[in-house]
Number of protein chains: 2
Amino acid sequence: MPEAVSRPTLEAVAARAGVSRATVSRVVNGGDGVREPLAERVRRAVEELGYVPNQAARSLVTRRHDAVAVVIAEPESRVFADPFFALQLRGISKELTAHDNQLVLLLTEGRPDHARVARYLAGGHVDGALVFSLHLDDPLPGLIRDAGVPTVFGGRPHWSEDTRDARPGRAGEGADRGVVYVDCDNRGGAHTAVRHLVDLGRRRVAHIAGALDQTSAVDRLDGYRDVMADVLGESDPRLVVESDFTPAGGERAMRELLDRCPDIDAVFAANDLTALGALRVLRESGRRVPEDVAVVGFDDMVPVAEQTEPPLTTVRQDIEEMGRLMARLLLRGLSEGRDGEHPAAGAQGAPGRGVILPTSLIRRASA
Amino acid sequence: MPEAVSRPTLEAVAARAGVSRATVSRVVNGGDGVREPLAERVRRAVEELGYVPNQAARSLVTRRHDAVAVVIAEPESRVFADPFFALQLRGISKELTAHDNQLVLLLTEGRPDHARVARYLAGGHVDGALVFSLHLDDPLPGLIRDAGVPTVFGGRPHWSEDTRDARPGRAGEGADRGVVYVDCDNRGGAHTAVRHLVDLGRRRVAHIAGALDQTSAVDRLDGYRDVMADVLGESDPRLVVESDFTPAGGERAMRELLDRCPDIDAVFAANDLTALGALRVLRESGRRVPEDVAVVGFDDMVPVAEQTEPPLTTVRQDIEEMGRLMARLLLRGLSEGRDGEHPAAGAQGAPGRGVILPTSLIRRASA
DNA sequence: TTGAAAGCGCTAACAT
DNA sequence: ATGTTAGCGCTTTCAA
């Protein structure tokens, strides 16, 4: 297989078309200000020579890269293993592609990688970054902020000071104004799920929470509490167990719950995987689902939710759309930054801090 | 948040260190041929200024990008949705990172994207490509070949003319010599799985094949046939059904199989998801697993395989390692291409055509 | 061992 | 509307 041979340059195209480099450049970049017959000649020359612009040369002068970094921290964690990220990436990819941007994927595992990523971003290799921050104590988001790269976060960062972070004493504390992020309505979705259980007549509704160092877990817990407080005046703290978003964790939590309160008549699990574990323990314990205990999950990971026994009622979020939206927000911010507007605002401009996507309840057999 | 401010240049570092640009360049790139005291001064200046080389400028002259494209065709398909790709990406990412290369992710959906990807690769934006080709009729691999970019394939391409493609009349036909690819030992893994079932005393062993336009499905089928022919002299064609790697497909196939041959005493499913569907139908039909029918899957997608009832015996492949290996092969080919050697060989050099990773049987309860 | 200088291929002022 | 020209920041001969 041949090495990449030297590609034709602008110069070559210009020679072939009998025009100057500037003219070719104009045609190649949108071509306004060039009379049609000439433009056509140039286009033909481009075609004949198979000319493709050298991006490096172009970036050198424009200081743009038409490339965006996607940073995913700790791919070991559950998140990367489930279809979640695949879908999100797909959404991001579609949007970037539609705007002729490339996707540079940065996966990190641990500290040394953080520095590497920060350096890369600070190095101005990409025009912006889409960052998935997962854990409360993750230093990466901070580093990235410091790198001064326009950024949109996936999932509410813990320092977002958003009002939906209902925990007193946290909101606003050390927070940044103007952080742009996209998330699904975790709290609202949880609300819907628990409401559904309550509407079914259930009163002893337990919650298996996710890892509470992730905002999604916290928000879902808050949504659960909203309803419980609303309906029952107060929620029995014994009905909540923290878990870790995994099936094994779900099993452990369910056992603990059953141990504490054998009279549970419903469970809202922080995600579908957790629900999977819970279902198994419920079955082992001789309880029928949904007759004895109704179960609702979160995520609607279809391959999982449809295959459980019974099929899982769960809260769906449009994951691909989240990805697409993140990319759109970033690109919009970038182009605004370029077009003057609020040059200093970059991606963190007008659109406001966070965009929350709606969720919906998918009813199957488990509740 | 500030826009990316103008970063310090080589020039600035040179001025600060009181040396020429050339000297700084030397130090930054490995620094041989520069006396220690000077080199040290340069390093300090780099440090103080927070200098990061401008990759565009560098690429412009070196014609290298230290970037590799990962092309994944049809992310709609099952492949992208399951943890498979996430793991593979992780392996690739680790290896690339270790060699200071960036990962440019190219996801495609359909024809228009093919052209786009081909153009991108031909445009010389990256040094090489890692390509996942899935389907027999996928034009992408061919386009990529024509683009003249050093490439390593993930999974045996259908035109690999490898000897493990046992189907007569196919081998060699229109094939390329020297295609580099990495795959797991699909045929051997299938062999092991079926052998295991036979060793358990099963004789009516059925196979639910994957989509036979993918080489992995074909190779697994071949492995199954190897053993059946070996043990029973010949395999009953009614024991094989083609499916599609999905749980729903597995259900359909299992029904069909049960219909044709109610006396089946074992099933080898093309992957774990298929096995999942098969298990459900088996249970519905009143058969016990493994007592009445033993079941073996393929992939060892842990979250699935451990959660089935009963837990699934399956063939494991080291997916992350496959990714890592692909990247390693490509980078090696690239550096050989650069260092002279067989400049024309590029990534398709000495290492030979395909690298096949071993598989292993993970025994759980289903067989 | 170090420095000076010539581009890499492109865009964007500025001329015409 | 088109051409001329001056770099973008870097590596890499070539000279010293």
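All of these numbers come straight from a predicted model, not from anything done at the bench. Chain identifiers are assigned alphabetically (A, B, ...) following the order of the sequence lines, protein sequences preceding nucleic acid strands; residue numbering begins at 1 within each chain.
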Partner set under side chain to side chain donor-acceptor pair (under 3.5 Å) for A/Ser93, not counting sequence neighbours: none
Pairs where residues 118-129 of chain B contributes a residue and the test side-chain hydrogen bond (donor to acceptor under 3.5 Å, both in side chains) is met, not counting sequence neighbours: B/His65-B/Asp127
Check: A/Tyr51 and A/Val28 side chains under 4.5 Å, non-hydrogen atoms: yes
Distance, rounded to the nearest Å, where A/Glu11 contributes CD and C/dC10 contributes P: 9 Å
Given DNA chain C, 5'-ward residue of the pair B/Gly33 and A/Val52, judged by closest heavy atom: B/Gly33
Min side-chain heavy-atom separation A/Val34-A/Val42 under 4.5 Å: no
Interface residues of residues 53-68 of chain A with DNA chain D (non-hydrogen, below 4.0 angstrom): A/Leu60, A/Val61, A/Arg63
B/Ser25 side-chain N/O to D/dT11 phosphate OP1/OP2 under 4.0 Å: yes
For atom NE2 of B/His125 and atom P of C/dC10, their distance in whole Å: 11 Å
Nearest-angstrom distance from the residue atom CG of A/Asp32 to C1' of C/dT11: 14 Å
side-chain hydrogen bond (donor to acceptor under 3.5 Å, both in side chains): pairs with one or both residues in residues 34-43 of chain A, sequence neighbours excluded: A/Glu36-A/Arg43, A/Glu40-A/Arg43
Derivation and outcome, salt bridge (charged side-chain N to carboxylate O under 4.0 Å, His left out), residues B/Arg111 and B/Asp113: CA-CA 5 Å; B/Arg111 280 301 163 80; B/Asp113 276 5; over 6 Å; no
Between P of C/dG3 and CG of B/Leu10, the distance in whole Å: 13 Å
Under-3.5 Å N/O pairs linking protein and nucleotides 3-5 of chain D:
| from | atom 1 | to | atom 2 | distance (Å) |
| --- | --- | --- | --- | --- |
| D/dG3 | OP2 | A/Ser20 | N | 3.0 |
| D/dG3 | OP2 | A/Ser20 | OG | 3.2 |
| D/dG3 | OP2 | A/Thr23 | OG1 | 2.6 |
| D/dG3 | N7 | A/Arg26 | NH1 | 3.4 |
| D/dG3 | O6 | A/Arg26 | NH2 | 2.6 |

Bend angle of the helix from C/dT1-D/dA16 to C/dT16-D/dA1, from helix axes over five pairs at each end, nearest 10°: 40°
Heavy-atom donor-acceptor pair, B/Arg7 side chain to B/Gly50 backbone, under 3.5 Å: yes
Donor-acceptor under 3.5 Å (A/Asp183 side chain, A/Arg156 main chain): yes
Donor-acceptor pair, side chain of B/Ser25 and main chain of B/Thr23, under 3.5 angstrom: no
Side-chain donor-acceptor pair present, B/Arg58, B/Asn29, cut-off under 3.5 Å: yes
Any donor-acceptor N/O pair, A/Ser335 side chain to A/Arg332 backbone, under 3.5 Å: yes
